[in-house]
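Notes follow once the structure below has been shown.
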Amino acid sequence: MTKPKILDSDFWGRNDAAEYFDLGDGIADEKAPPGPLDKKWETREFEARIANPANRRRLSIIVVGTGLAGASAAATLGEAGYVVKSFCYQDSPRRAHSIAAQGGINAAKNYKGDGDSVFRLFYDTIKGGDYRSRESNVYRLAEVSRNIIDQCVAQGVPFAREYGGLLDNRSFGGVQVSRTFYARGQTGQQLLLGAYQALERQVAAGTVKTYSRHEMLELIVVDGRARGIIVRDLVSGEIETYFADVVVLASGGYGNVFFLSTNAMGSNVTASWRAHRKGAYMANPCFTQIHPTCIPVTGTHQSKLTLMSESLRNDGRIWVPKDAADADKDPREIPEEDRDYYLERIYPAFGNLVPRDIASRQAKNVCDEGRGVGPEVDGVRRGVYLDFADAMERLGRKAIEEKYGNLFDMYAQITGEDPYQVPMRIYPAVHYVMGGLWVDYDLQSTIPGLFVTGEANFSDHGANRLGASALMQGLADGYFVLSNTIRDYLADGPFEKIDEDHPAVVEAQQSVQSRVDRFLSVNGTRSVDSYHRELGNIMWEYCGMERTEDGLKKAIDLIRGLRDDFWRNVRVLGTAESLNQSLERAGRVADFLELGELMCIDALHRRESCGGHFRAESQTEDGEALRDDDHYAYVAAWEWKGLDVGEKPVLHKEDLVYENIELKQRSYK
Amino acid sequence: MNLTLKIWRQPDPVSEGALATYQVEDISEDMSFLEMLDVLNERLNSEGEEPIAFDSDCREGICGMCGLMINGDAHGPLRTTTCQLHMRTFKDGETITIEPWRSTAFPVLKDLCVDRRAFDRIIQQGGYVSVNTGAAPDAHAMPVPKAQADRAFDTATCIGCGACVASCPNGSASLFLGAKITHLGELPQGQAERDTRVVKMVAQHDHEGFGGCTNIGECAAACPKEIPLDVISQLNKDLRTAVRHGY
Amino acid sequence: MAASGLIFVLFVLLHMYGNLKAFGGEHAFNTYAHHLRTFGEPMLPYGGLLWIVRAVLIVSLVVHVATAATLWKRARRARRVRYAVKKNTGATWASLLMRWGGVTLLLFIIWHLLNFTIGKINVTGGPTDNPYRLLVDTFDTWWLTLIYLVAMAMLGAHLHHGVWSACQTLGLTSNARARRRAKAFGLVLALVITIGFSLVPIFTVFGVISY
Ligand SMILES: Cc1cc2nc3c(=O)[nH]c(=O)nc-3n(C[C@H](O)[C@H](O)[C@H](O)COP(=O)(O)OP(=O)(O)OC[C@H]3O[C@@H](n4cnc5c(N)ncnc54)[C@H](O)[C@@H]3O)c2cc1C
Ligand code: HEM
Ligand code: HEM
Ligand code: SF4
Ligand code: F3S
Ligand code: FES
């Protein structure tokens, strides 16, 4: 590949992060069988050993998380006859964060006959991920995507249908085919309820036991194998220990490290981070997806951000005033010639439909130039207009109401403005993390017996995820992949029974207990939330849409300082023996404070721009992301070494080999 | 704006609770109701008083985790979830009474948090289609007429928040129950278990200690997802059919 | 509940029709009262039909009151701690009045039977063996009329909600249109019955019905 000219000619080959990490051995997936791409999964399914059905009742599985990935896995494993324990921190499994997904779920069904295929979905996903994902995994994802739809329909998931009674599809996230299945704007909800119901069915059948309002706080590793977890019963405060032959983490994404995100308030990294500290590698932690169409922040009280479906960009036109002086004018009074439809201007071919990362970054740029609109928060207006005036003229108000009515209502409810009259204001927000625990083709982490599914693993989306593909991945992992790979591991079980007083168990219990005690005994002056908010600001400023060497280094210093202060000055009231939401948050924030640093180190070491990761130093002359396949076509898998002086994370590289797809530089001009 | 809040405080499931009064100042109209409580909690924390426990997760109106009785209205005066209620709905100087859902089947855990696992147990009694993973025919094998598909969807949007129970003078969960019965009953996939589903789910509903429905209609008026009263009639109809079939 | 309630509805409709005969004067009304008792003779003994009706009514009453009591008890158990503040936004006042309205009706029926059937109490001291005169004497007494009119208002409210509620309970209203219809039907029926029953006492007070 010929490299376009870049701004900093000295950039390539330098290592910004050298002082922050050590380089370890390479790592590779050893589970994907050799042979042609389209035979790998079939082969693996066949070769993976089967645990004797009579034996299954003696094999136990812990599943942490009841989102799409966790609920589907627990239900399926329960059906297979294993003894399953399922955990979530909400009061019911049905409330897992997957419930909030709006847009849809992809599947290569080709019901529209528009030329879709497994290979095309595979290709789009790899390309969308900016060539930073593993071919074998992505191909399998595309393959099983078709079964997902069959399964969900059989469960009674009410997907949108056409008048003929057959399923409807739409095109989503800028792909050329219509492969997205949807249930109005509530696809995640309907899919999750399907999985939740399947789960409850197993509860009734006695194969699954659910533990809601239980939070996993530690992983138990005995003789190198994951053998259980320590949880806190969030109601009684009891610290409880559960053992199993295998542990599955399906605990979702960690976007809340940014404090403000579209994730649920409780979304956290604790389960993953605890596993990371016990030896599971964390892969590509800095790969974050920022969604361009969210409702802007209104003030410092803001607790979370609300996503507006991406589909709005199909008809809405995005603009800001040409002149910063117009920022607080009534937008309807700004004449056409004083408006800058910047996406249409910069990307005439794709216009308002450019991928998420590009749309997000350009919004940030215009706001940084001072041309943002809406209320000033901390001295800057962070918002751009999404204007439906043209569409309304062209299609009529009624058509717009039909298409987007519920979104417009939601917007009106939150902002108090009528989007039919005044253009909407939108701004990017953290939405999804592509990074997560490293897993092999079997979805097994670097700790034997610890499997990771859904958003919690890093597996399929590379540096950027396509719209409607996270739901697909969660369900693919849970319904179809995990049950087939975990059996190979379990075929060696049941493993030796573990005593409560095994040193590894006692150590884990004590570390949980002492952490809880410590939170309650610091008795400083600042609330947990104030630390979280400050961490979020640091992350957003320096590890958000645009990252630079200086910024990231500064962020690492700031985070270290903040973490230090947290442990000396946080104030958590109440007791450990009752429902204590501050205490819950303290644990989560403490882990975010460690994760944040690793994300910055990861971002710092990856001196290229790819997908959602934009290093300002690595861009083309016209400001586009510039990949460096020669140096960075790998997965960065980080090993935990500790936080003390002299302890640095160790980087293990998994080289990405593309045998079926040719690497290309993205272009949306 | 400035407000007076009367909030139910109860340290644990067994202790007695009581309303406590708090003043909050400088509340912005753009805050959501829960953000207003966040602000209060932040202050309580700095004053050394334990923050008020209340549930929320998505804060987007979809997970069903939030739910407060606000001035006698489940989820407040608007037809929405508590997390989607904004302070511009209230007037400066107003007094707002905030209580947890009151239902014997939803015991209070602490302050404003209640335990709604009874809903899960109702679903366990048949709120599903029995199909094992991998056993499904092609999704297009069974077309569903659009009208039925739409009704199934309308009723499937229930978020399990419990506002129907909280607002019903009888403490009945019939709207929640009817929503699931109607969702699965409208679809061809749900037919095989239609009779047993309704019988078992109703039995579990009664067993949990929810009240009986006398068609008062508070539930549908409070339901943030606008589940209509029709589903309760459908529930009764299905129950009658099942009994006729000998279940 | 619904079945017994609907039996009551049928009964009160017929009963109202009978009462309206009072406008036909003493003869018409008394003939009707007599006819009620001889209907079906000689297949049925004197008063046979009336006794069948009475049996059905008594069974319905027992069922109706028993189910009402169960529902009431369940509701009390389902919410042991009351709200400090509770608004009603979806309920009609009629629906909230069902239980106390029902108790009122029960008390009314007891009095009513003492008045006209079992006790034949004529507070004016007039004759008790002439149904027509008993009726006129009763409603010539203003406070008795008032009791009856209040009871009829209660009955109206009970039916306004009860009829729609019975349709809902019987599963007849599982779509929005049927629901609206049932509500309208309940209201009309309640009005017809309340007004229909009230005519006789009112017109007696004003002397239109007299002897
Ligand atoms: C607003 C929004 C809209 C989206 N829309 C789409 C879309 O249209 N299409 C699409 O494909 N994707 C979409 N996504 C992304 C997608 O929803 C998520 O990536 C996906 O649902 C994650 O599923 P999951 O099962 O991995 O985790 P989650 O659904 O996040 O579930 C996590 C589970 O883990 C549990 N848990 C977490 N930590 C602990 C702990 N320490 N102890 C015990 N339990 C724990 C939680 O209780 C929960 O049950 C959207 C995301 C957002 C935020
Ligand atoms: C004897 C005294 C009566 C009592 C104590 C009584 C009480 C009740 C009660 C408690 C209910 C349940 C509804 C609720 O709780 O909201 C009810 C329902 C009803 N009642 Fe009565 N009632 C009485 C007489 C009548 C009469 C005389 C009629 C008709 C003329 C009637 C018709 C109905 C109907 C149609 C219902 C609705 C049934 C349903 O919801 O399925 N009731 N009654
Ligand atoms: C103003 C209204 C009413 C008037 C004038 C009225 C009048 C009468 C009269 C005259 C009788 C005696 C009939 C006979 O024995 O020949 C009677 C009987 C009776 N009425 Fe009414 N009635 C009224 C309302 C009601 C209502 C609302 C109810 C029920 C809820 C009711 C229930 C009965 C019953 C059960 C009997 C006894 C029938 C029997 O078994 O003999 N009445 N009424
Ligand atoms: S029916 Fe409505 S009020 Fe009841 S649980 Fe469902 S969404 Fe909530
Ligand atoms: S308010 Fe209650 S009585 Fe029935 S109609 Fe709704 S459940
Ligand atoms: S917090 Fe999820 S619905 Fe309100």
Side-chain angles (χ1 to χ4, degrees), chain B residues 6 8 16-19 69-74 77 79 95-106 108 151 165-173 178 182 206 208-223 228-241, chain C residues 1-3 5 64 66-102 157-183 186:
Chain B
K6 290 185 173 172
W8 184 262
E16 290 259 319
L19 287 170
M69 203 57 159
I70 300 169
N71 272 348
D73 285 317
R79 201 84 178 299
T95 299
I96 307 176
T97 306
I98 307 168
E99 296 174 78
W101 287 169
R102 295 276 185 221
S103 162
T104 310
F106 291 166
V108 174
R151 184 167 193 231
V165 176
S167 62
C168 172
N170 294 323
S172 170
T182 310
D206 295 356
E208 293 288 348
F210 292 107
C213 174
T214 58
N215 307 307
I216 294 177
E218 276 300 312
C219 53
C223 174
L229 281 183
D230 317 357
V231 301
I232 298 183
S233 185
Q234 186 72 55
L235 162 75
N236 289 325
K237 189 174 178 177
D238 282 16
L239 186 60
R240 213 181 48 195
T241 312
Chain C
M1 174 111 278
H64 200 77
T67 32
T70 315
L71 278 169
W72 200 336
K73 212 162 76 193
R74 270 184 70 191
R76 291 185 64 91
R77 265 201 222 129
R79 180 165 303 128
R80 290 216 176 86
V81 186
R82 317 259 117 201
Y83 289 107
V85 182
K86 173 75 170 77
K87 286 196 190 118
N88 291 303
T89 41
T92 56
W93 51 271
S95 65
L96 298 170
L97 214 64
M98 285 307 270
R99 285 173 198 154
W100 290 111
H158 202 78
L159 288 176
H160 172 34
H161 180 73
V163 169
W164 123 261
S165 175
C167 294
Q168 178 85 345
T169 306
L170 292 174
L172 305 174
T173 44
S174 46
N175 63 62
R177 221 166 89 223
R179 189 175 69 225
R180 277 196 299 275
R181 274 207 208 123
K183 288 205 152 172

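Note that this is a predicted model, so its numbers are computed, not measured.
- Interface check for chain C: of the options B/Ala222, B/Cys168, B/Cys219, the most heavy-atom pairs under 4.5 Å are formed by B/Cys168.
- With a 4.5 Å cut-off on side-chain heavy atoms, B/Asn215 and C/Thr169 count as touching.
- Chain B forms the most heavy-atom pairs under 4.5 Å with one residue out of C/Lys86, C/Lys87, C/Arg79, C/Arg179, and that residue is C/Arg79.
- No side-chain heavy atom of B/Pro169 sits under 4.5 Å from any side-chain heavy atom of C/Arg99.
- Within the 4.5 angstrom heavy-atom criterion, no atom of B/Ala74 approaches chain C.
- With hydrogens and angles disregarded, no donor-acceptor distance shorter than 3.5 Å links the side chain of C/Tyr83 to the backbone of B/Gly72.
- Nearest heavy-atom pair, B/Ser233 versus C/Ser174, reported as atom, atom and distance to 0.1 Å: OG-N, 3.4 Å.
- B/Asp230 places a side-chain N or O within donor-acceptor distance of the main-chain N or O of C/Ala176, the cut-off being under 3.5 Å.
- In this structure C/Thr89 satisfies the side-chain contact (heavy atoms from CB on, under 4.5 Å) test together with B/Asp73, B/Glu218, B/Ala221, sequence neighbours excluded.
- Heavy atoms only, all atoms of each residue included: B/Gly211 and C/Ala78 are closest at N-CB, 3.5 Å.
- Contacts with chain C were tallied for B/Leu235, B/Leu229, B/Val108; B/Leu229 has the most, counting heavy-atom pairs under 4.5 Å.
- By number of non-hydrogen pairs under 4.5 angstrom with chain B, the leading residue of C/Leu96, C/Leu172, C/Thr173, C/Thr70 is C/Thr173.
- C/Arg76 does not touch chain B: none of its heavy atoms, backbone or side chain, sits under 4.5 Å away.
- Within 6.0 Å of CZ in C/Arg82 there are more than 12 heavy atoms belonging to other residues, nucleotides or ligands.
- Atom OG of residue B/Ser103 and atom CZ of residue C/Arg77 lie 13.5 Å apart, to the nearest 0.5 angstrom.
- For B/Trp101, there are no side-chain hydrogen bond (donor to acceptor under 3.5 Å, both in side chains) partners two or more places apart in sequence or in a different chain.
- Both the backbone and the side chain of B/Ser167 come within contact range of chain C, judged by heavy atoms closer than 4.5 Å.
- Taking B/Met69, B/Lys237, B/Glu99 one by one and counting their heavy-atom pairs under 4.5 Å with chain C, the maximum is reached by B/Glu99.
- For the pair C/Ala75 and B/Asn170, the tightest heavy-atom approach, listed with the atom from each and the gap, is CB-OD1, 3.4 Å.
- With a 4.5 Å cut-off on non-hydrogen atoms, B/Pro77 does not touch chain C at all.
- Looking at C/Arg74, its side chain does come within 3.5 Å of a backbone N or O of B/Phe210 through a donor-acceptor pair.
- Interface remark: of the candidates B/Arg240, B/Gln234, B/Arg102, B/Arg102 forms the most heavy-atom pairs closer than 4.5 Å to chain C.
- Heavy-atom distances place the side chain of B/Leu19, and not its backbone, under 4.5 Å from chain C.
- A donor-acceptor contact shorter than 3.5 Å is absent between the side chain of C/Gln168 and the backbone of B/Ile232.
- Both the backbone and the side chain of B/Asp206 come within less than 4.5 Å of a heavy atom in chain C.
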